[in-house]
Amino acid sequence: MAPRAPKGTRDVLPAEGRVRARIESVAAEVMAANGFGRVITPTFEETEVFVRGVGTATDIVRKEMYTFDDRGGRSLTLRPEGTAPVARAYSEHGMHKLPQPVKLWYVAPMFRYEAPQSGRFREHWQVGAEAFGSEDPLLDAEMIAMLAEIYARLDVPEVRLRISSMGDPVGRAPYREALLAHLERHADSLPADARGRMHENPLRLFDMKDRAVQAAMADAPRLLDNLDDASREHHERVLEALRLMGIPFEVDPTLVRGLDYYTRTVFEFTCDRLGAQSGIGGGGRYDGLVASLGGPEVPGVGFGTGIERITLALGGDADPGAGIDAYLAVPDAGIRLELMPMLRDLRRAGLRVEAGTAGRGLKAMMRHASGLGARRVVIVGPREHAEGLATIRDMETGDQVEVPVGEIASHIMGGGDPA
RNA sequence: GUGGGCGUAGCUCAGCUGGUAGAGCUCCUGGUUGUGGUCCAGGCGGUCGUGGGUUCGAGUCCCAUCGCUCACCCCA
């Protein structure tokens, strides 16, 4: 069998590539407007970065990482998520000595060994942003506003925002006990996997779709109702800022994110256009992450959004491209050779120009030019060449003019509206 | 990992109760002397996912296997 792209991976072909380029450029604009600088971290990290950063109770670390030993015996892991590596880089380069907050963004591929389905791949790309060194709840709101702005500029349809608070690890402890006690009372009605999960992270059960689990969770105590005072105050400030900015949201006490590092603010954008994997982007605050990677006690807040899911939400309509400005139809190889400098000059001037392969008939070249959406075709056959001329045909009107070969470039760039 | 659906030309698909493969689109070449997008004609292109089995004979039935896909779980 001929090789295929590995399970869970895909090739992005030019039509979709144009959509992707637009997504990335919109993201770059919004990031720049908010003062974020771009970072590029390695595609793989020491495995420790994710074990300590993301947490051993998460599915990502327990069963989804592409981990391997290199020839030197180091355990390395293909980046399964973007925040831990950026936190590592922040710490490694002493960025806590820079004016805070330090704002960083990235666009990078993520790798997770999961069963592929609609909107879920083993390699997917994310645009993400992280801000380190500020506890200000208004920064949380700014992050959320940024992400909302990206979706708005791209016209992503049917986007909704859910938000909640995880409190902090210390204040969360008593609640965790209370939730566990509640679940113990319903233990006999829960499926096996739910019983196993509840001891590792009982909050995770809020996210399960199993009917029995949902029934048991319906009257469970809510973390949002049991926040410590500081976390509650923080949460209220975030919501107030969102209201003032006119960003619609819905507080969802059952919102749980699958990464252990989140504290206080957590949020998730969903798109109803998507299938079961409706999450299009999300994030939150992670005040203990940098320290857990051996760095200073520095708070942080960030988000990630999936490029493939944005593309899906946009309808998957391929961008047909904008055609080309001119097509060079020169059947004779020798004449084509002479026109090489002219061809280069047209492209240097910013025009989109294609040249037909010598050896095919003129009719085939015209067909080709038409298929490419060419606005003009430059014909230099033996007849024109003998007189030092070129025929330039306007493909919309069908008008043709003859000009000296030396004036092809100036004629095309001068006549009509330049690109 | 578990369950459902599907695997026929590059793409989208037809192939009734088994009889040795088709269409549309794309692409290529023509429709007289160098000119496109419409139209017409022709052409390229498939070991019918793979391996077994039943049968005189299987794309069509049976088994296995691989792959794709959707869902659970989880997440972007």
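Per chain, numbering begins at 1; letters A, B, ... match sequence-line order.
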Please give, in whole Å, the distance from [N] [atom2] to [X] [atom1]?
X: A/L203; N: B/C73; atom1: CG; atom2: P; value: 17 Å
X: A/K7; N: B/C66; atom1: NZ; atom2: P; value: 10 Å
X: A/D11; N: B/C68; atom1: CG; atom2: C1'; value: 15 Å
X: A/K63; N: B/U2; atom1: NZ; atom2: P; value: 13 Å
X: A/F121; N: B/C70; atom1: CZ; atom2: C1'; value: 13 Å
X: A/W125; N: B/A76; atom1: CH2; atom2: P; value: 17 Å
X: A/L13; N: B/C11; atom1: CG; atom2: P; value: 12 Å
X: A/R79; N: B/A76; atom1: CZ; atom2: P; value: 14 Å

*asked:* Give me the stems containing RNA chain B, sorted by first residue, counting only three or more consecutive Watson-Crick or G-U pairs with both distances under 3.5 Å; say none if there aren't any.
replied: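 RNA chain B stems, ordered by first number: B:1-7 with B:66-72, B:10-13 with B:22-25, B:27-31 with B:39-43, B:49-53 with B:61-65.
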Can [X] and [Y] be counted as an ion pair, charged N to O under 4.0 angstrom?
X: A/D260; Y: A/R204; value: yes
X: A/R393; Y: A/E402; value: no
X: A/R160; Y: A/D272; value: yes

Donor-acceptor under 3.5 Å ([X] side chain, [Y] main chain):
X: A/R172; Y: A/M166; answer: yes
X: A/R120; Y: A/A115; answer: yes
X: A/Q126; Y: A/E81; answer: no

Whole-angstrom distance between [N] and [M], as gauged at atom [atom1]:
N: B/U12; M: B/G49; atom1: P; value: 15 Å
N: B/G30; M: B/G37; atom1: P; value: 13 Å
N: B/U55; M: B/G18; atom1: P; value: 16 Å
N: B/G7; M: B/C62; atom1: P; value: 14 Å
N: B/U47; M: B/U8; atom1: C1'; value: 13 Å
N: B/G59; M: B/C6; atom1: C1'; value: 15 Å
N: B/U69; M: B/C40; atom1: P; value: 37 Å
N: B/G45; M: B/U26; atom1: C1'; value: 11 Å

*Evaluate whether atom CD of A/E46 has more than 12 neighbouring non-hydrogen atoms of other residues, nucleotides or ligands under 6.0 angstrom away.*
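Check fails, neighbour count at 12 or below.
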_Is it the case that over 12 heavy atoms from other parts of the model lie below 6.0 angstrom from the CZ atom of A/R237?_
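Incorrect, the count does not exceed 12.
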Selected nucleotide, minimal atom distance to [X] side chain, candidates [options]:
X: A/I379; options: B/C72, B/G34, B/C73; answer: B/G34
X: A/A276; options: B/A71, B/C68, B/C74; answer: B/A71
X: A/A364; options: B/U29, B/A76, B/C70; answer: B/U29

At a cut-off of 3.5 Å, list every protein nitrogen or oxygen paired with a nitrogen or oxygen from nucleotides 36-40 of chain B, distance to 0.1 Å.
| from | atom 1 | to | atom 2 | distance (Å) |
| --- | --- | --- | --- | --- |
| B/G36 | O2' | A/S370 | OG | 3.3 |
| B/G36 | N7 | A/R393 | NH2 | 3.0 |
| B/G36 | O6 | A/R393 | NH2 | 2.9 |
| B/G36 | O6 | A/M395 | O | 3.4 |
| B/G36 | N1 | A/M395 | O | 2.5 |
| B/G36 | N2 | A/M395 | O | 3.2 |
| B/G37 | O4' | A/S370 | OG | 3.1 |

Quick one: label [X] by what it contacts on the DNA or RNA (base, sugar-phosphate, nothing), any heavy atom closer than 4.0 Å.
X: A/R112; value: base
X: A/R62; value: nothing
X: A/G361; value: nothing
X: A/E64; value: sugar-phosphate

Could you tabulate the donor-acceptor pairs under 3.5 Å formed by side-chain atoms of residues 103-113 of chain A, not counting sequence neighbours?
| from | atom 1 | to | atom 2 | distance (Å) |
| --- | --- | --- | --- | --- |
| A/K103 | NZ | A/N34 | O | 3.1 |
| A/Y106 | OH | A/E130 | OE2 | 3.3 |
| A/R112 | NE | A/P80 | O | 2.7 |
| A/R112 | NH2 | A/P80 | O | 3.0 |

_Residue pairs, two or more places apart or on separate chains, that pass salt bridge (Lys or Arg N to Asp or Glu O under 4.0 Å) and touch residues 135-158 of chain A_ =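 Applying salt bridge (Lys or Arg N to Asp or Glu O under 4.0 Å) to every pair that reaches into residues 135-158 of chain A, excluding sequence neighbours, yields A/E29-A/R153, A/D140-A/R285, A/E149-A/R153, A/E158-A/R273.
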*Does OP1 or OP2 of B/A76 have a side-chain N or O of A/T305 closer than 4.0 Å?*
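It does not, given that no N or O in the side chain of A/T305 lies less than 4.0 Å from OP1 or OP2 of B/A76.
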*Between A/F249 and A/R162, is there a cation-pi geometry (under 6.0 Å to ring centre, at most 45° from the normal)?*
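A/R162 over A/F249 ring: no.
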*More 5' along RNA chain B: A/F269 or A/G8, using each one's nearest nucleotide?*
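The answer here is A/G8.
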*Starting from the 5' end of RNA chain B, give me the residue, A/T391 or A/P116, whose nearest nucleotide shows up first.*
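Final value for this comparison: A/T391.
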*Check A/S75 against A/T67 and note the closest heavy-atom contact, atom names and distance.*
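Residues A/S75 and A/T67, closest heavy atoms: OG-CG2, 3.5 Å.
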_A/E45: which of A/R74, A/R79, A/R88, A/R52 passes salt bridge (Lys or Arg N to Asp or Glu O under 4.0 Å)_ =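 Option passing the salt bridge (Lys or Arg N to Asp or Glu O under 4.0 Å) with A/E45: A/R88.
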Do the side chain of [X] and the base of [N] come within less than 3.5 angstrom through a donor-acceptor pair of N or O atoms?
X: A/Q117; N: B/C73; result: yes
X: A/R120; N: B/C73; result: yes
X: A/E114; N: B/C73; result: no

*Which ones in residues 380-389 of chain A lie close to RNA chain B, meaning a heavy atom under 4.0 Å from one of its atoms?*
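Only A/R383, A/E384 qualify.
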*With sequence neighbours left out, what residues match A/H186 under ring pair (Phe, Tyr, Trp, His ring centres under 6.0 Å)?*
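With neighbours one apart ignored, the set is A/H182.
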